[in-house]
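Below you'll find the structure, written out as structure tokens, and then a few comments.
Model, not experiment: these values are computed from the prediction. What's counted below: heavy atoms across the whole structure, side chains too, no hydrogens, waters or symmetry copies.
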Amino acid sequence: MPKVRHSVNLKSKLTSYISEFKEDGLSTDNKILFCNLCQCAVSSTQKFLVQQHITTSKHQANKQLNSKQRQLFLTQPTTSNVRSEFNIDLCRSLISADIPLYKLKNKVFREFLEKYTQHTIPDESTLRKTYAPSIYDETIQKIRDEIKDSSIWVSIDETPDKEGRLVGNVVIGLLSEQYSERILLHCDVLEKCNNKTIVKLFNEAMGILWPKGIMYDNVLFFISDAALIWSKLDKHYLFEKVFLKAPSRVNVLKEMYPEIPLPPKPILTRWGTWLEAVEYYAEHIDSINNVLLALDSEDAVSIDTAKTVTCDISVKNDLAHIQHTFSCIIKTLKSLQNRHLSLSESFEIINSTVEQLNRGRGKVADAVRAKVDTVLSKTLDMKNYKRKTGVSGYIMTNGKVRNIQEFRKQSCYIPQEFAMLSQLTTRETLKIAADLKLNVDVGTRKKNVMIEEILQLLDLQKTENTLIGNLSGGEKKRISVGVELLTNPPVMFFDEPTSGLDSSSSFLVISHLKTLAQSGRTIVCTIHQPSSQLLDMFDDFYIIAEGQCLYRGPLCDMKAVFEEAGFPCPKYYNLSDFAIEVACFERGDTIENLIIKYKGRSGNSEDNPVGCQDDIVIEESTMPQSTKTRIGQTTIEIFSKRRYEKTARYPLSLWMQMFILMRRSVLCNYRDLFMFIIRIAAHGCVGLMLGFICFDIGNEASKTMSNAACLFYILFVLFLISPFITVLVYQLEAAVFLREHLNNWYSLKAYYLSKLFSDIPFQVLCPTLLLVFSYCLSGQPFDMDRMLKTWIMCIVITMCGQTIGLLLGAAFDVKVGPFMVVTLNIPMSLFSGFFMRLQDIPSYLQWVSYVSYYRYSFEAEMVNIYGNNRSKLNCSEDFCYFRSPSKILEEFHMEDVSYWHNMGVLLIWLFGSQIGLYIVLKWRVSTSR
């Protein structure tokens, strides 16, 4: 009896401790007191020992951490008499936008809302307790009104959160012929995942939907995978029942093997955590078995069952096999969670894991490898990565390594976006292309005849005098074809010629390409999802997926070949759509049958993807004989009208190329009338403004400092305007220049010189216009020598600005280029000697003044205006210290400065920046090849 009384007293004592300290995570199995937060047993002989434990820093830290991590669920609505329309609208907006209410704790977000709403923003707890329940009730009522007594389907999904808690989500929808939205009706934390808890969650959700009585007959379709998951994972949860449900048994485990951690808690939907559990049991299965043997089997049924499992040899073998074959996946998953990994590093980790999985043996390993291959094959990034890495080889033409220059003469490539200058008309575009691409022995009359034939062939007569910028997409496509037809290439490659066009324009473009093919040329197109009308215009097809050929041949045989491979095409179905669906695995998980069938038909037994170490052989011939191009095992018929002989790289001389490009640039500048007027007006207005502000101060001794500012500002404006105009020139013409240069239309030198010389009229006219107003109105000396030197100085500084603008525009993109112009001008102007005397600049920064173009231009202009024994200035006041011009130069420490020395340094700046421009252009060309 005393023993029984002791047991009863211990049980009641432990229960009283748990109820008294219910916030501290205590639990009991009626034998010992266990702290769930600290994962250890607590001495319960005296109450003060329990209090001593819960006051320890470790327990308090675990308690605080647990309280921070817990997520709140809406259960019973609370009511409040104090309500605000703004608060309820705010709460409804945040919930509708999926913005968590705790975001209101963010100070910046809170201040932003208060500033622009002119309302006091309530706390998160106020919204959650006072307003969220009413919004919840409104939402539930809307769901009830929508469902009413209709038939529904129900799906229950169990998802673990980051805390490891199992959250059940009840999703419903209407069963009707029309599409209905999925509705999340209810969610709650599940203590367990079994039939009982799922049924309970189902009844709770249906009670919310139908509070007056659950209409079970209206639930016609119910989905839940909880029981299946539980049955597959019962062995692990068997050990969880043994240890995690009884603190006294955990204590036994810690006493026998203190170095072994508790069994892990895998998350249902994260299979990497299950592999970690397998690794744990594989390493500690014998130790776990010893602990089980030390426990009393009569204490719980799960102990006896667990002993049977740990003694089973097949279980140990399975654990060892899984650990050996698939433990690499655990490291892979952890490595891929690193946010700082590059894409290539991630792919290398995946490839390494795949190699390790390939070493596995057995049915399970084969199934895993097949699943991994299927997943990776459907990943577009992996496909692109494999195409760009590990590819080697060379292309052969006529039995020799391909000469890229000669190859380009025999073929042409029209990209999806064919860049052209929008300021030229259709005829002008073709005329300039003919002048650049055709030899000098082809006369003007013959060129005009060719242009007329191309306009007629491509139906462009109506738009021959229309600017390129005003044409439609289909007309631009046809012009791009016409530009390449001038050299009559035997082979023409087109990248998606119908992309971005409507059905009518697409049909027109393909019709013209069909005409070109019928005239003796070979037309090769990549095309996506053509209509049946367009599909019938093609003679042969070459379908590729995963780097392998699925089909090669005429359209009439494609349907039969696919059916023989196990891919029957439905009646009246577009063959192109069907082929794409097969290639994208929408008609099956594998395309091996098509690949094998193609290799069998072509007689190729090697696994050789297209484009990897294949020879392309071009044999020359004359009409009407055919030239054969072999790509792997694919033969393309090529017809040519003449034999291509080895000629010079460019059809024209350097000076002829430069003349034609200059003529084109001048024409484009003339067509850009708005920019032409802006450049002239800007210089004229600035000159007038300076002239009126500094009116007649050039010969006034009392205003010498203002006159120096006027002279500096003239130079500053002339330099600053020029680069802002030219900094975007290269970016606007880059695509045209690279296409034409890489196709051997003209050399880099010709383009470079044309850009420098074509803008010379503006570089002379604009500074002259500015000087006419500013120099004359400001009262500068009317001495021919001084005026001529000032004019030369202004032209040189304008040229410097124009060249530096071209240089920065070519070196940087369209966003960074203008910013770099400003960034370069700020330090150059600070070290000019105008804002601060050069002697006052710290010694460790004076070197910057030696590279400042503003310094040399300002010094040269000051010496030109006030030097060369200029007579004394007028003085309108009683005394003028700077009446003598030499005093002004002494004030700026320029008495020993030479005009021509500074001019020489500026010319070095000019030529140096021009050399830099040429180097940058050459670098741009080399990186784009």
Checklist entry - Ion pair present between E733 and K755, side-chain N to carboxylate O less than 4.0 angstrom? => result yes
Could you give the side-chain donor-acceptor pairs of residues 688-695 under 3.5 Å, partners two or more places apart or in another chain?
none

Next on the checklist: Taking the cut-offs as 6.0 angstrom to the six-membered ring centre and 45 degrees off its axis, would you call K476 and F418 a cation-pi pair?
Outcome noted: no
Could you tabulate the donor-acceptor pairs under 3.5 Å formed by side-chain atoms of residues 908-922, not counting sequence neighbours?
unit_1: W909; atom_1: NE1; unit_2: V851; atom_2: O; d: 3.0
unit_1: S913; atom_1: OG; unit_2: W909; atom_2: O; d: 3.0
unit_1: S913; atom_1: OG; unit_2: L910; atom_2: O; d: 2.8

Next on the checklist: Rounded at 0.5 Å granularity, tell me how far CG in L889 sits from CD in E859.
Outcome noted: 10.5 Å
Next on the checklist: Could you walk me through whether M820 and V727 satisfy the side-chain contact (heavy atoms from CB on, under 4.5 Å) test, starting with their C-alpha distance in whole Å, then the side-chain angles of each, then the deciding distance to 0.1 Å, before giving a yes or no?
Outcome noted: CA-CA 10 Å; M820 292 303 298; V727 71; over 6 Å; no
Item to check | Residue pair D495 / I414, side-chain heavy-atom distance below 4.5 Å | outcome: no
Next on the checklist: Treating R883 as the side-chain partner and L873 as the backbone partner, does any N or O pair qualify as donor plus acceptor under 3.5 Å?
Outcome noted: yes
Checklist entry - What's the spacing between M862 CE and I888 CD1 if we round to 0.5 Å? => result 6.5 Å
Next on the checklist: For the backbone of S57 and the side chain of Q60, can you confirm whether one donor and one acceptor N or O come within less than 3.5 Å of each other?
Outcome noted: no
Item to check | Side chains of L806 and T803 in contact at under 4.5 Å (non-hydrogen atoms) | outcome: no
Checklist outcome for this item: In C766, C800, P767, the residue satisfying side-chain contact (heavy atoms from CB on, under 4.5 Å) with I795 is P767
Item to check | Side-chain heavy atoms of V848 within contact of I841, under 4.5 Å | outcome: no
Checklist entry - Should the pair D435-R664 be classified as a salt bridge under the 4.0 Å nitrogen-to-oxygen rule? => result no
Item to check | Gap separating the NE2 atom of H901 from the CG atom of D896, nearest 0.5 angstrom | outcome: 12.0 Å
Checklist entry - Just by modelled atom types, is the L718 backbone N or O under 3.5 Å from a matching donor or acceptor in the S722 side chain? => result yes
Next on the checklist: Ring-plane angle category for F737 and H741, please: parallel below 30°, perpendicular beyond 60°, tilted otherwise.
Outcome noted: parallel
Checklist outcome for this item: Those residues at least two apart in sequence (or on a different chain) that pass side-chain contact (heavy atoms from CB on, under 4.5 Å) with S886 are S884
Next on the checklist: Contact between P651 and L436 at the side-chain level, heavy atoms closer than 4.5 Å - yes or no?
Outcome noted: no
Item to check | Closest non-hydrogen atom pair, S706 against I697 | outcome: C-CD1, 3.9 Å
Next on the checklist: Evaluate D672 against R679 for salt bridge (Lys or Arg N to Asp or Glu O under 4.0 Å), listing each step before the verdict.
Outcome noted: CA-CA 11 Å; D672 196 355; R679 292 182 71 173; over 6 Å; no
Checklist entry - Taking the side chain from R110 and the backbone from L104, do they hold a donor-acceptor pair closer than 3.5 Å? => result yes
Checklist entry - Do the side chain of D123 and the main chain of S125 share a donor and acceptor less than 3.5 angstrom apart? => result no
Next on the checklist: If you count heavy atoms of other groups shown closer than 6.0 angstrom to CE of M836, is the number above 12?
Outcome noted: no
Item to check | Straight-line distance of C880 SG to K703 NZ, nearest 0.5 Å | outcome: 10.5 Å
Checklist entry - How far apart are the closest heavy atoms of A735 and A419, and which atoms are they? => result CB-CB, 3.4 Å
Item to check | salt bridge (Lys or Arg N to Asp or Glu O under 4.0 Å) between R671 and E428, worked out | outcome: CA-CA 12 Å; R671 290 277 169 75; E428 289 168 349; 2.7 Å; yes
Next on the checklist: Side chains of N707 and E700, heavy atoms from C-beta outward: is any pair under 4.5 Å?
Outcome noted: no
Checklist entry - So I660 and L652, side-chain contact (heavy atoms from CB on, under 4.5 Å) or not? Walk me through it. => result CA-CA 10 Å; I660 296 172; L652 304 176; 3.6 Å; yes
Item to check | Under 3.5 Å donor-acceptor, E114 side chain and H119 backbone | outcome: no
Item to check | Heavy-atom side-chain contact between T429 and L421 under 4.5 Å | outcome: no
Next on the checklist: Pair K887, E891 - check salt bridge (Lys or Arg N to Asp or Glu O under 4.0 Å), show working.
Outcome noted: CA-CA 6 Å; K887 292 288 186 181; E891 177 67 19; over 6 Å; no
Next on the checklist: Under a 3.5 Å distance rule, please check whether S665 uses its side chain to pair with a backbone N or O of L661 as donor and acceptor.
Outcome noted: yes
Checklist entry - Without hydrogens or angle criteria, can the side chains of Y751 and E740 be said to hold a donor-acceptor pair below 3.5 Å? => result no
Item to check | Audit row: L654, K749, side-chain contact (heavy atoms from CB on, under 4.5 Å) steps and yes/no | outcome: CA-CA 8 Å; L654 174 64; K749 293 180 183 178; 3.9 Å; yes
Checklist entry - Could R837 and F892 be counted as a cation-pi pair, given that NZ or CZ must be under 6.0 Å from the ring centre and within 45° of the axis? => result no
Item to check | Pair listing, ring pair (Phe, Tyr, Trp, His ring centres under 6.0 Å) test, anchored in residues 755-803, at least two apart | outcome: F676-F762
Checklist entry - For Y413, does the OH atom sit with more than 12 other heavy atoms under 6.0 Å from it, leaving out its own atoms? => result yes
Checklist entry - Can you tell me how far the OG1 atom of T126 sits from the CG atom of L90, to the nearest 0.5 Å? => result 11.0 Å
Checklist outcome for this item: When every non-hydrogen atom of T726 is compared with those of G801, the smallest separation belongs to OG1-O, 4.2 Å
Next on the checklist: For a side-chain contact (heavy atoms from CB on, under 4.5 Å) check, start with the C-alpha distance between R786 and N868, then their side-chain angles and the critical distance, and finish with the verdict.
Outcome noted: CA-CA 9 Å; R786 298 181 193 273; N868 299 327; 4.0 Å; yes
Checklist entry - Got a sec, which residues hit ring pair (Phe, Tyr, Trp, His ring centres under 6.0 Å) with H893, two or more places apart in sequence or on another chain? => result none
Checklist entry - Donor-acceptor pair, Q657 side chain versus S747 backbone, under 3.5 Å? => result yes
Item to check | Stepwise salt bridge (Lys or Arg N to Asp or Glu O under 4.0 Å) test for K789 and D785 | outcome: CA-CA 6 Å; K789 287 181 178 179; D785 180 67; 3.6 Å; yes
Checklist entry - Looking only at side chains, do R870 and N864 share a donor and an acceptor under 3.5 Å apart? => result no
Checklist outcome for this item: The reported gap from CD1 in I99 to NZ in K103 (rounded to nearest 0.5 angstrom) is 9.0 Å
Checklist entry - Is the side chain of S852 donor-acceptor paired with the backbone N or O of S849 at a distance under 3.5 Å, no angle test? => result no
Item to check | Note, L424 side chain near L467 side chain (heavy atom, < 4.5 Å) | outcome: no
Checklist entry - Any donor-acceptor pair under 3.5 Å linking the side chain of S758 with the backbone of V666? => result no
Checklist entry - For F86, does the CZ atom sit with more than 12 other heavy atoms under 6.0 Å from it, leaving out its own atoms? => result yes
Checklist entry - Which pairs with one or both residues in residues 793-838 pass ring pair (Phe, Tyr, Trp, His ring centres under 6.0 Å), sequence neighbours excluded? => result F712-F834, F712-F835, F834-F858
Checklist entry - Are D696 and S778 side-chain neighbours, meaning at least one heavy-atom pair lies under 4.5 Å? => result no
Checklist entry - What residue among N902, V796, N825, V905 forms side-chain contact (heavy atoms from CB on, under 4.5 Å) with Y853? => result N825
